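Step one of this worksheet: look at the structure below.
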Amino acid sequence: MNDIFDMCGADDVAPTMPLIGDRAPEFVAETTDGTVNFPADYRGKWVILFSHPSDFTSVCTSEFMTFQAMIPEFRELNADVIGLSIGTVSSHLAWLRDIQTDVEFRGWKNMEITFPVIADMKMEIAKKYGMLHAAASDTMAVRAVFVIDPAGIIRTILYYPASLGRNFAEIKRILMGLQMTDAFGYSAPADWVPGDDVLVAAPKTSAGVQERVQNKKSGWNVVTWFMTFTKLPADMLLAKIKSKQPQEKPSKNTKKK
């Protein structure tokens, strides 16, 4: 019997993909806003790197307009947005122009898309990031979202099929949850949103367990030794996030309206 790799051929071996905790793969690419050197150009900032299947498509158009509408919210959280699809810069620019001149969605119209969109005709970046899923399509990227921290580390990965638009409230919730953990050391329970109670880390020693059960810490709600809640008001979280932002100029690939 032939070896499975001999039967498939070298070109059919599944591509590798980065995982949570990995350093974001580096690349240099042309975008609708010039050349980007990633992640070096975004050092010190959070990045939402996302892929879309194709230009001139309805679901992608709705997502681009939603991303654009949320740019002020993401910037408040020290985050930039970068899009990618397997297409050319000229195709991207033509589509973005049509969005601005022809499309109205949720009351948004005449909307200029100001974040950069990467041209990836050779699919090199899509392959580096595992954005090509052969069972879905071998010529279009899936709807991937990578949340990358200021040190260039991948902290969250989301995948959506071509027919399903992304949940943008969840993307912002993820971004704030990661920053909450980094700033305070707490964890987020199921369905957490900013302002909800958060979880204190469980003790790791017998003495710590006993202390937790006795619950002498003011403001803690000890359900059991391994599940303890504490309050974290949304305004306190946002103030902490802002206080940790570096005082530097926006990255060169971020346009202002």
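Keep in mind that what you see is a predicted model, and the values were worked out from it rather than measured.
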How many angstroms lie between atom CD1 of Ile153 and atom CZ of Arg23, to the nearest 0.5 angstrom?
4.0 Å
Report the distance from atom CG of Asp102 to atom CZ of Arg97, rounding to the nearest 0.5 Å.
7.5 Å
Ring pair (Phe, Tyr, Trp, His ring centres under 6.0 Å) partners for Phe226, two or more places apart:
none
Would you say Val117 and Leu96 make side-chain contact, with heavy atoms under 4.5 Å?
yes
Any side-chain heavy-atom pair from Val198 and Thr230 closer than 4.5 angstrom?
yes
Measure from the side-chain N and O atoms of Gln179 to the backbone N and O of Leu77, and report whether any donor-acceptor pair falls under 3.5 Å.
yes
So, taking the atom named CD1 in Ile48 and the one named CG in Leu158, what distance separates them when rounded to the nearest 0.5 Å?
10.0 Å
Do Tyr42 and Ile157 sit in the same hydrophobic cluster, where Ile, Leu, Val, Met, Phe, Trp and Tyr count as joined when their side-chain heavy atoms come under 4.5 Å apart?
yes
If we ignore hydrogens and angles and just use 3.5 Å, is the side chain of Asn167 paired with the main-chain N or O of Glu170 as donor and acceptor?
yes
Atom of Ala126, atom of Asp120 and distance for their closest heavy-atom approach:
N-OD2, 2.8 Å
Restricting to pairs with a member in residues 147-168, which pass ring pair (Phe, Tyr, Trp, His ring centres under 6.0 Å), not counting sequence neighbours?
Phe67-Phe168, His133-Tyr159
Please list, chain by chain and in numerical order, all residues satisfying side chain to side chain donor-acceptor pair (under 3.5 Å) with Ser90, sequence neighbours excluded.
Thr88
Does the His52 side chain pair with the main chain of Leu84, one donor and one acceptor, at a distance under 3.5 Å?
yes
Just wondering, do Trp46 and Ile148 contact through their side chains at under 4.5 Å, heavy atoms?
no
Are the side chains of Ile86 and Lys122 in contact, using a 4.5 Å heavy-atom criterion?
no
In this structure, CZ of Arg212 is separated from NZ of Lys217 (nearest 0.5 Å) by 9.5 Å
Answer yes or no: is there a side-chain heavy-atom contact under 4.5 Å between Val103 and Trp108?
no
Where at least one partner belongs to residues 226-240, residue pairs that pass salt bridge (Lys or Arg N to Asp or Glu O under 4.0 Å), sequence neighbours excluded:
Asp197-Lys231
Tightest non-hydrogen contact, residues Asp55 and Ser85, listed as OD1-OG, 3.5 Å
Inter-residue atom distance Met180.CE - Asp196.CG, 0.5 Å rounding
10.0 Å
By salt bridge (charged side-chain N to carboxylate O under 4.0 Å, His left out) - contacts of Lys128 (at least two apart)
none
Same apolar cluster: Leu199 and Val223, side chain cutoff 4.5 Å:
yes
In one Ile/Leu/Val/Met/Phe/Trp/Tyr side-chain cluster, 4.5 Å: Met227, Leu232
no
State the OG-CD distance between Ser206 and Glu211, to the nearest 0.5 angstrom.
12.5 Å
Any donor-acceptor pair under 3.5 Å from Gln68 side chain to Thr114 backbone
yes
Leu49 and side chain to side chain contact (heavy atoms under 4.5 Å, CB included): which single residue from Ile118, Val81, Asp80 fits?
Ile118
Identify the heavy atoms of Arg173 and Val193 that sit nearest to each other, and give their distance.
CD-CG1, 4.2 Å
The criterion is ring pair (Phe, Tyr, Trp, His ring centres under 6.0 Å); which residues satisfy it with Phe229, sequence neighbours excluded?
none
Is there a path of hydrophobic side-chain contacts, each under 4.5 Å between heavy atoms, that joins Met121 and Val36?
no
Distance-only donor-acceptor check, side chains His92 and Thr32, under 3.5 Å
no
Mind checking whether Ile82 and Phe38 have side chains closer than 4.5 Å, heavy atoms only?
yes
Ring pair (Phe, Tyr, Trp, His ring centres under 6.0 Å) assessment of Tyr129 paired with Phe146
CA-CA 9 Å; Tyr129 278 82; Phe146 291 82; 5.1 Å; yes
Taking side chain to side chain donor-acceptor pair (under 3.5 Å) as the test, write out the residues that go with Glu73, two or more places apart.
Lys172
Kindly state each residue pair satisfying salt bridge (Lys or Arg N to Asp or Glu O under 4.0 Å) with at least one member in residues 149-165, sequence neighbours excluded.
Asp149-Arg155, Arg155-Asp182
Over all atoms of both residues, closest heavy-atom pair of Pro53 and Ala162
CG-CB, 4.1 Å
Kindly say whether Ala144 contributes a backbone atom to a donor-acceptor pair with the side chain of Ser51 at under 3.5 angstrom?
yes
Could you tell me which non-hydrogen atom of Asp33 sits nearest to which non-hydrogen atom of Pro116, and how far apart they are?
CB-CB, 3.9 Å
Side chains of residues 59-66: which donor-acceptor pairs under 3.5 Å do they make with residues two or more places apart or in other chains?
| unit_1 | atom_1 | unit_2 | atom_2 | d |
| --- | --- | --- | --- | --- |
| Thr61 | OG1 | Thr57 | O | 2.7 |
| Thr61 | OG1 | Trp95 | NE1 | 3.1 |
| Ser62 | OG | Val59 | O | 2.6 |
| Glu63 | OE1 | Arg143 | NH1 | 2.9 |
| Glu63 | OE1 | Arg166 | NE | 3.4 |
| Glu63 | OE1 | Arg166 | NH2 | 2.7 |
| Glu63 | OE2 | Arg166 | N | 2.7 |
| Glu63 | OE2 | Arg166 | NE | 3.0 |
| Thr66 | OG1 | Ser62 | O | 2.7 |

Going only through I, L, V, M, F, W and Y residues with side-chain contacts under 4.5 Å, is there a path from Met111 to Leu93?
no
Please name all residues satisfying side chain to side chain donor-acceptor pair (under 3.5 Å) with Glu124, sequence neighbours left out, ordered by chain then number.
none
Pairs flagged by ring pair (Phe, Tyr, Trp, His ring centres under 6.0 Å) wherever residues 189-216 is involved - sequence neighbours left out:
none
Checking Val145 against Ile171 for the side chain to side chain contact (heavy atoms under 4.5 Å, CB included) test, could you report, in this order, the C-alpha distance in whole Å, the side-chain angles of both residues, the deciding distance, and whether it holds?
CA-CA 8 Å; Val145 181; Ile171 293 172; 4.3 Å; yes
Taken in chain and number order and not counting sequence neighbours, the residues that satisfy ring pair (Phe, Tyr, Trp, His ring centres under 6.0 Å) with Trp220 are none
Might you work through the side chain to side chain contact (heavy atoms under 4.5 Å, CB included) test for Val213 and Val222, ending with a clear yes or no?
CA-CA 7 Å; Val213 170; Val222 179; over 6 Å; no
Relative to each other, are the rings of Phe184 and Tyr186 parallel, tilted or perpendicular (30° and 60° limits)?
parallel
For Pro25 versus Ile154, what's the shortest heavy-atom pair and its separation?
CD-CD1, 4.2 Å
Taking the side chain as every heavy atom from C-beta outward, state whether Asn78 and Ile241 have any atom pair closer than 4.5 Å.
no
Please test Thr31 against Val89 for side chain to side chain contact (heavy atoms under 4.5 Å, CB included), starting from the C-alpha separation and ending with a verdict.
CA-CA 6 Å; Thr31 80; Val89 169; 5.9 Å; no
Could you check whether any side-chain heavy atom of Thr35 comes within less than 4.5 Å of a side-chain heavy atom of Val28, counting everything from C-beta outward?
yes
